[in-house]
Amino acid sequence: MGQISKEFELNLEILKYCREQLGLSMERVAEKVEKIESIETGEQRPTYKQLENLADLYEVPRWVFISDALPEEYHYNTKPSFRKFKNSNIFKENEKVRKLIIRVEQYRDLFVELKEDLGEAISPFSVPEYLNSSNLQEVVNIVRKWLNLSPPANFDELRQKLEAKSIFIFLSNKQTDWSFICKVSFRGLCIQHDVMPIIIINDSDSNKAQSFTLMHELGHLLKNQTSIDSWQENETEIEKWCDRFAGSVLILKHQVLPVKTGKAIKKTKAKVRIKSKE
């Protein structure tokens, strides 16, 4: 594949910005595009294949590199989710987490736009007035009623109940690079939005684990928080609360959690929590 024609002048500022906003180093990009440093300085013109690789790495269409200005929708570091996650170690250190969030946010935005074009308004996300209660079981009972939920419920039923409340649920489709990011087990995350908040679930987990993660993330959304899973972080009080909330929603009061399942949950529920101040 030959080099891009001189008729199409690259916008080198955009090219550099697209790399930097995702936190990608020259060395990382050079794994895919060997001459990236020379390309960014204008010393060398890229081939069409190199532009394709850069577009894939930067999560933008190829045409943005020859645009006069980068469209707002591709300014990822100004997105609410980037601002909310910026203090999370897993977010700062793992480009796959950042790219995952970008893609899911794009899917959500497309869905919202489609609904608007069809004249089908999406109701703002709202929750029952329960946060003044310090009694966990009372909270659980209200949420069960809100969801019209009768435990035990399987993952598909739980997913449908949350989608009916205008929550965008996204499954990773067993993508191993999403499930295990730089040796960190990735269970799920949630992103708070006034309209159609997001929950991402790693569906390479067992159905029971997925159900627990789904309810745990719902706990964060109910408290107006954004959260990323990580085994590398210490548990906080809010994480413990979300664990208790998830377990209580999924299990009737008279039921006893099997020892094996309880251990699995305890092992897998160390998380990073970032409060949303947006």
Side-chain angles (χ1 to χ4, degrees), residues 88 90 125-165 167-172 179-180 184-192 197-276:
S88 166
I90 189 173
F125 177 67
S126 60
V127 299
E129 294 293 335
Y130 74 90
L131 290 178
N132 290 331
S133 174
S134 59
N135 186 307
L136 178 63
Q137 192 57 49
E138 181 179 341
V139 171
V140 169
N141 291 340
I142 294 173
V143 171
R144 282 183 183 160
K145 183 177 180 180
W146 177 58
L147 295 176
N148 191 23
L149 183 64
S150 299
N154 60 38
F155 177 79
D156 288 337
E157 181 181 353
L158 292 170
R159 178 184 179 183
Q160 291 172 8
K161 298 287 188 182
L162 295 191
E163 288 178 335
K165 297 298 182 181
I167 300 176
F168 188 80
I169 311 294
F170 185 89
L171 303 182
S172 67
S179 305
F180 294 92
V184 176
S185 182
F186 189 82
R187 293 272 168 174
L189 65 82
C190 64
I191 302 172
Q192 182 62 260
I198 298 170
I199 294 179
I200 303 175
I201 299 295
N202 169 18
D203 63 357
S204 65
D205 260 337
S206 68
N207 285 336
K208 287 184 178 180
Q210 290 179 50
S211 295
F212 187 90
T213 301
L214 187 61
M215 290 298 100
H216 184 105
E217 302 303 336
L218 174 62
H220 281 290
L221 292 182
L222 295 178
K223 288 185 173 291
N224 195 35
Q225 294 173 342
T226 290
S227 164
I228 302 181
D229 266 332
S230 172
W231 283 5
Q232 294 184 338
E233 302 290 333
N234 294 325
E235 285 191 273
T236 62
E237 287 305 312
I238 182 59
E239 298 301 332
K240 293 175 183 178
W241 185 91
C242 288
D243 279 350
R244 293 194 298 270
F245 169 77
S248 298
V249 168
L250 295 173
I251 301 166
L252 291 173
K253 189 173 182 180
H254 67 271
Q255 290 178 310
V256 178
L257 188 68
V259 173
K260 182 177 180 181
T261 304
K263 288 182 178 179
I265 289 173
K266 181 65 176 177
K267 180 179 180 182
T268 60
K269 297 311 296 178
K271 307 185 74 169
V272 178
R273 187 263 300 173
I274 309 98
K275 287 185 178 179
S276 171

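For the numbers below, each heavy atom of this structure counts, side chains included, while hydrogens, waters and symmetry mates do not.
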Min side-chain heavy-atom separation [X]-[Y] under 4.5 Å:
{"X": "H216", "Y": "E239", "result": "yes"}
{"X": "N154", "Y": "N207", "result": "no"}
{"X": "R159", "Y": "I201", "result": "no"}
{"X": "V143", "Y": "L149", "result": "no"}
{"X": "W241", "Y": "T236", "result": "no"}
{"X": "L147", "Y": "L218", "result": "yes"}

If you compare all heavy atoms of [X] against all heavy atoms of [Y], which two are closest, and at what distance to 0.1 Å?
{"X": "N148", "Y": "K161", "answer": "O-NZ, 3.0 Å"}
{"X": "E217", "Y": "L189", "answer": "OE1-C, 3.8 Å"}
{"X": "F125", "Y": "L221", "answer": "CE2-O, 4.1 Å"}
{"X": "C242", "Y": "G219", "answer": "SG-C, 3.8 Å"}

Sidechain-backbone polar pair: K223 side chain, I238 backbone, donor-acceptor under 3.5 Å: no
S227 (side chain) donor-acceptor with C190 (main chain) under 3.5 angstrom: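 No, because the side chain of S227 does not come within donor-acceptor range (under 3.5 Å) of the backbone of C190.
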Which distance, rounded to the nearest 0.5 Å, do you find between the [atom1] of [X] and the [atom2] of [Y]?
{"X": "L214", "Y": "F155", "atom1": "CG", "atom2": "CZ", "value": "5.0 Å"}
{"X": "F212", "Y": "S206", "atom1": "CZ", "atom2": "OG", "value": "11.5 Å"}
{"X": "R144", "Y": "L250", "atom1": "CZ", "atom2": "CG", "value": "8.5 Å"}
{"X": "L222", "Y": "Q192", "atom1": "CG", "atom2": "CD", "value": "9.0 Å"}
{"X": "D203", "Y": "T213", "atom1": "CG", "atom2": "OG1", "value": "11.5 Å"}

Step-by-step side-chain hydrogen bond (donor to acceptor under 3.5 Å, both in side chains) determination, Q160 to D156: CA-CA 6 Å; Q160 291 172 8; D156 288 337; over 6 Å; no
Salt bridge (charged side-chain N to carboxylate O under 4.0 Å, His left out) against E157, all qualifying residues, sequence neighbours excluded: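 E157 satisfies salt bridge (charged side-chain N to carboxylate O under 4.0 Å, His left out) with no residue once adjacent residues are dropped.
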